[in-house]
Amino acid sequence: MSKAIRQAAGCTVAQADAAVEAVLATIVEGVKTEGRFSLIGFGSFSKSERPARQGRNPRTGKTIDIAASTSIKFSTSAALKKTL
């Protein structure tokens, strides 16, 4: 990805890598602090929390406990969907 950014922006590899890292860190920090981060015209990232639950081991059929977890969901904007 940084190669494409480097070619589009005409910058060095180090600058492109730094830009990608800065964008990703900003998205993660926004989701951590506010629970949501939006990029207008692209989409939004939001925190998704799954509660603890019971599952089943498909190999043995034995019931197992699955711990609660948190992840990030991405929803595309209408403008991005339209361009695709």
Side-chain angles (χ1 to χ4, degrees):
M1 177 159 93
S2 62
K3 182 178 180 182
I5 293 170
R6 179 174 46 103
Q7 290 172 343
C11 60
T12 66
V13 173
Q15 291 170 329
D17 287 344
V20 169
E21 289 298 321
V23 169
L24 296 177
T26 302
I27 291 169
V28 170
E29 190 59 34
V31 172
K32 273 185 183 178
T33 58
E34 298 177 23
R36 186 174 183 90
F37 185 86
S38 296
L39 292 168
I40 306 301
F42 185 71
S44 61
F45 298 86
S46 60
K47 189 184 297 186
S48 174
E49 297 186 17
R50 300 174 107 192
R53 62 195 188 281
Q54 294 269 318
R56 191 166 305 279
N57 182 330
R59 183 170 286 171
T60 64
K62 185 177 178 181
T63 301
I64 58 173
D65 293 323
I66 301 171
S69 64
T70 303
S71 64
I72 294 178
K73 290 191 319 187
F74 177 72
S75 299
T76 57
S77 70
L80 180 60
K81 285 180 186 179
K82 191 175 180 179
T83 62
L84 297 176

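Side-chain heavy-atom separations under 4.5 angstrom define the hydrophobic clusters, and V28 shares its cluster with no other residue.
A continuous path of ILVMFWY side-chain contacts below 4.5 Å connects L84 to L39, so both sit in one hydrophobic cluster.
Screening residues 39-62 for ring pair (Phe, Tyr, Trp, His ring centres under 6.0 Å) gives F42-F74, F45-F74 as the qualifying pairs, with residues at least two apart or on separate chains. Among residues at least two apart or in separate chains, there is no ring pair (Phe, Tyr, Trp, His ring centres under 6.0 Å) pair with a member in residues 46-71. The side-chain hydrogen bond (donor to acceptor under 3.5 Å, both in side chains) analysis of residues 64-82, with sequence neighbours excluded, yields the pairs Q54-D65. Listed by first and then second residue, the ring pair (Phe, Tyr, Trp, His ring centres under 6.0 Å) pairs that reach into residues 5-27 come to none, sequence neighbours excluded.
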### Task
Verify side-chain contact (heavy atoms from CB on, under 4.5 Å) between F37 and I72, making sure each step is shown before the conclusion.
CA-CA 10 Å; F37 185 86; I72 294 178; over 6 Å; no

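For E21, there are no side chain to side chain donor-acceptor pair (under 3.5 Å) partners, not counting sequence neighbours. By the side-chain contact (heavy atoms from CB on, under 4.5 Å) test, E29 pairs with K32, T33, sequence neighbours left out. The side-chain contact (heavy atoms from CB on, under 4.5 Å) search around R53 returns R50, I66, not counting sequence neighbours. Partners of T83 according to the side-chain contact (heavy atoms from CB on, under 4.5 Å) rule, which considers only residues two or more places apart in sequence or in another chain, are L80. Remark: R36 pairs with S44 by the side chain to side chain donor-acceptor pair (under 3.5 Å) rule, at least two apart or across chains.
The shortest non-hydrogen separation linking I64 to R56 is CG1-N, 4.2 Å. Contact record, N57 with R59: OD1-N, 2.8 Å, taken as the closest heavy-atom pair. Pairing each heavy atom of G41 with each of A79, the nearest pair is O-CB, 4.1 Å.
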